[in-house]
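Because the structure is predicted, anything quoted here is derived from the model rather than measured.
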Amino acid sequence: MDWDKLRIFHAVAEAGSFTHAGKSLNLSQSAVSRQVSTLEESLGVTLFHRHARGLLLTEQGELLHKTARDIFAKLSMIEGQLMDTRKLPEGPLRITVAEFIGSTWLAPKLAEFREDHPDIQLTVLLEDSILDLGMREADAAIRLYEPEQPDLVQRHLTTIHFHVCGSKDYFKKHGKPKKAKDLKNHTLIGYPENVTEPFTDPNWIFRIAGVDPDHNTNMLMMNSLYAIHKAVITGAGIAALPDYLVTKSDDIEIVLPEIERDGVEMYFVYPEERRKSQRIAAFRDFLLKSISATEF
C-alpha cells in the first residue's frame, strides 16, 4: 500500500472533504481527489461515498481509517519520545486543562513560562472532556481528580477550596442569606445537566440550598466557571466559586463561610513513557512554582 496515498486518505477521512484536506496538505482539491481514486483502484474497493454535501466513508473506508488513525497516533507518540531524548527543553508541548483553571489561573501566568522557555512551542487545550494522553491527544494534563490509569505519572499540585459567594451590589439589593436554606430565596448560578463537568459535584450549592434544578426557575445555568465568575461579579446571582478567584476580586464577598464543600484535588499527569521529557519536566516545575504563589 502506497504510504503517501495512505497519508492523503487519512487527511481526507479526518477532514470529511477533498477541499479541506487539500488545505491541510497544501495540495489542490483535484490532486487530493486523484490520489484517493488511485488508492481505491489499487485496492479494488470504494473508500468514500461522494455526495453534494461532502464525503462519507464506506464500510471498507471505515476499516482503513481506523487502522490509519492508529498508525498515525503511534507515529506521533514515537515522534514525541524521540524529541524527549533531547537534553534541552525544546519543541512542541500540548497541555490539556479544565476550562476554568486554564482561563482564570493558568493563562495569566504563561508569559513567565514563555520567558523562561522560549524554545518550547506551547499549546494549551481548554477542555473539560478527558483527552487520551496515551494516544497523544495531548502530552500532559492538569486534571481535577485523581487519575486511575496505572500507566500515568501523577503529581498532586494542590487542593482547590470553594465557598458560597455573591457581589456586594447583589447583597445590597437582595440581602444576604443567613443560613443554607435561605439560598433558595436567591438566584443561584450553576452548571446545566448533561454537559461535561469540570470536576465532581459542581452543583453542590443546589444541594445545600435544598433546591431541585428541574423544578426551580430562580436560577441561572452556565457551562463555564469563568462565565459564572463574571456573572457573579455583575450581580446576576450567588454561586460556589474557588477561593483563588474570590480573594483577588474586591467586588465579591463570601457568605455562609462556615459552609464549605470538599476540596477539589488538582493533579499534573503524563504518560509513563514520557517520564524523561525535558519539556514536560519544565512545565511541571513551572506549575509547582506558580502553585506555591497562589492561595487556593
Side-chain angles (χ1 to χ4, degrees), residues 24 69 71-161 196 198-199 224-226 229 242-245 247-248 263-296:
S24 67
R69 178 180 284 175
I71 291 171
F72 280 92
K74 289 177 181 178
L75 284 173
S76 179
M77 182 175 63
I78 293 299
E79 181 184 18
Q81 291 178 10
L82 290 174
M83 295 189 71
D84 289 345
T85 61
R86 297 179 181 178
K87 294 183 178 181
L88 296 177
E90 57 185 5
L93 179 64
R94 287 164 62 89
I95 303 295
T96 174
V97 56
E99 178 267 343
F100 87 88
I101 286 291
S103 58
T104 64
W105 179 73
L106 180 61
K109 300 181 178 298
L110 292 180
E112 178 183 347
F113 181 79
R114 291 288 303 130
E115 289 178 5
D116 293 342
H117 302 285
D119 294 325
I120 294 179
Q121 291 86 54
L122 181 65
T123 299
V124 178
L125 306 173
L126 305 183
E127 292 276 358
D128 288 339
S129 58
I130 304 303
L131 299 187
D132 190 336
L133 301 184
M135 294 300 291
R136 283 298 304 278
E137 291 183 331
D139 297 303
I142 300 173
R143 290 186 174 165
L144 302 181
Y145 65 92
E146 185 174 4
E148 297 179 355
Q149 299 95 318
D151 58 341
L152 290 181
V153 178
Q154 55 180 273
R155 175 66 182 265
H156 183 261
L157 296 176
T158 191
T159 302
I160 307 173
H161 299 281
T196 302
F199 49 86
S224 163
L225 198 64
Y226 174 77
H229 173 237
D243 288 359
Y244 75 89
L245 283 180
T247 54
K248 70 179 185 180
V264 173
E265 306 301 333
M266 183 160 65
Y267 295 84
F268 182 60
V269 300
Y270 51 92
E272 173 68 34
E273 63 265 20
R274 309 297 304 281
R275 185 182 286 275
K276 295 182 179 180
S277 170
Q278 294 299 313
R279 290 164 292 156
I280 291 176
F283 196 78
R284 178 201 61 213
D285 294 344
F286 157 74
L287 288 177
L288 293 172
K289 177 183 176 182
S290 300
I291 288 286
S292 66
T294 305
E295 184 178 347
F296 283 92

Checklist entry - Would Leu288 and Phe268 count as a side-chain contact (heavy atoms from CB on, under 4.5 Å) if you check the C-alpha gap in whole Å, the side-chain angles of each, and the deciding distance to 0.1 Å? => result CA-CA 10 Å; Leu288 293 172; Phe268 182 60; over 6 Å; no
Item to check | Residue pair Leu287, Phe113: steps toward the side-chain contact (heavy atoms from CB on, under 4.5 Å) verdict | outcome: CA-CA 9 Å; Leu287 288 177; Phe113 181 79; over 6 Å; no
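Just one residue in the list Ile120, Asp139, Leu122 forms a side chain to side chain contact (heavy atoms under 4.5 Å, CB included) with Phe283, and that residue is Leu122.
Rounded to the nearest 0.5 Å, atoms CD1 (Ile130) and OG1 (Thr196) are 8.5 Å apart. With rounding to the nearest 0.5 Å, the separation of CD1 in Ile95 from CG in Leu110 is 10.0 Å. Taking CE of Met266 as the start and CD1 of Ile160 as the end, the distance is 4.5 Å to the nearest 0.5 Å. In this structure, the separation between CG on Leu93 and NE2 on His117 is 10.5 Å, given to the nearest 0.5 Å. Remark: Ile101 CD1 to Leu225 CG distance equals 8.5 Å, nearest 0.5 Å. Going from atom CD of Glu99 over to atom CG of Leu125 covers 13.0 Å, rounded to the nearest 0.5 Å.
A centroid separation of less than 6.0 Å is found between the aromatic rings of Phe199 and Phe100.
Taking every heavy atom of both residues into account, Arg279 and Arg274 meet most closely at NH2-NH2, 3.4 Å. The minimum heavy-atom distance linking Thr96 with Ala138 is given by the pair CG2-CB, 3.8 Å. Counting all heavy atoms, side chain and backbone alike, Tyr270 lies closest to Arg275 at CE1-CA, 3.9 Å. Pairing each heavy atom of Leu144 with each of Ala98, the nearest pair is CD1-CB, 3.8 Å. Heavy-atom minimum distance, Pro108 versus Ser103: CD-O, 4.0 Å.
With a 6.0 Å radius and a threshold of 12 heavy atoms from other residues, nucleotides or ligands, Lys109 has its NZ atom above the threshold. For OH of Tyr226, the number of neighbouring non-hydrogen atoms (other residues, nucleotides, ligands) closer than 6.0 Å is 12 at most. Open room surrounds NZ on Lys74; 12 or fewer heavy atoms of other groups in view lie less than 6.0 Å from it.
Glu148 contributes no side-chain N or O that, together with a main-chain N or O of Glu146, makes up a donor-acceptor pair within less than 3.5 Å. In terms of modelled atom types and a separation under 3.5 Å, the side chain of Arg69 and the main chain of Phe72 share no donor-acceptor contact.
With a 4.5 Å cut-off on side-chain heavy atoms, Thr159 and Val264 do not count as touching.
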Exercise answer: donor-acceptor pairs, residues 150-157 side-chain atoms, under 3.5 Å, sequence neighbours excluded:
{"from": "Gln154", "atom 1": "NE2", "to": "Pro147", "atom 2": "O", "distance (Å)": "3.4"}
{"from": "His156", "atom 1": "NE2", "to": "Thr158", "atom 2": "O", "distance (Å)": "3.3"}
{"from": "His156", "atom 1": "NE2", "to": "Glu265", "atom 2": "OE1", "distance (Å)": "2.6"}

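Partners of Phe296 by ring-ring contact (aromatic ring centres under 6.0 Å, His included), not counting sequence neighbours, listed by chain and number: Trp105, Tyr244.
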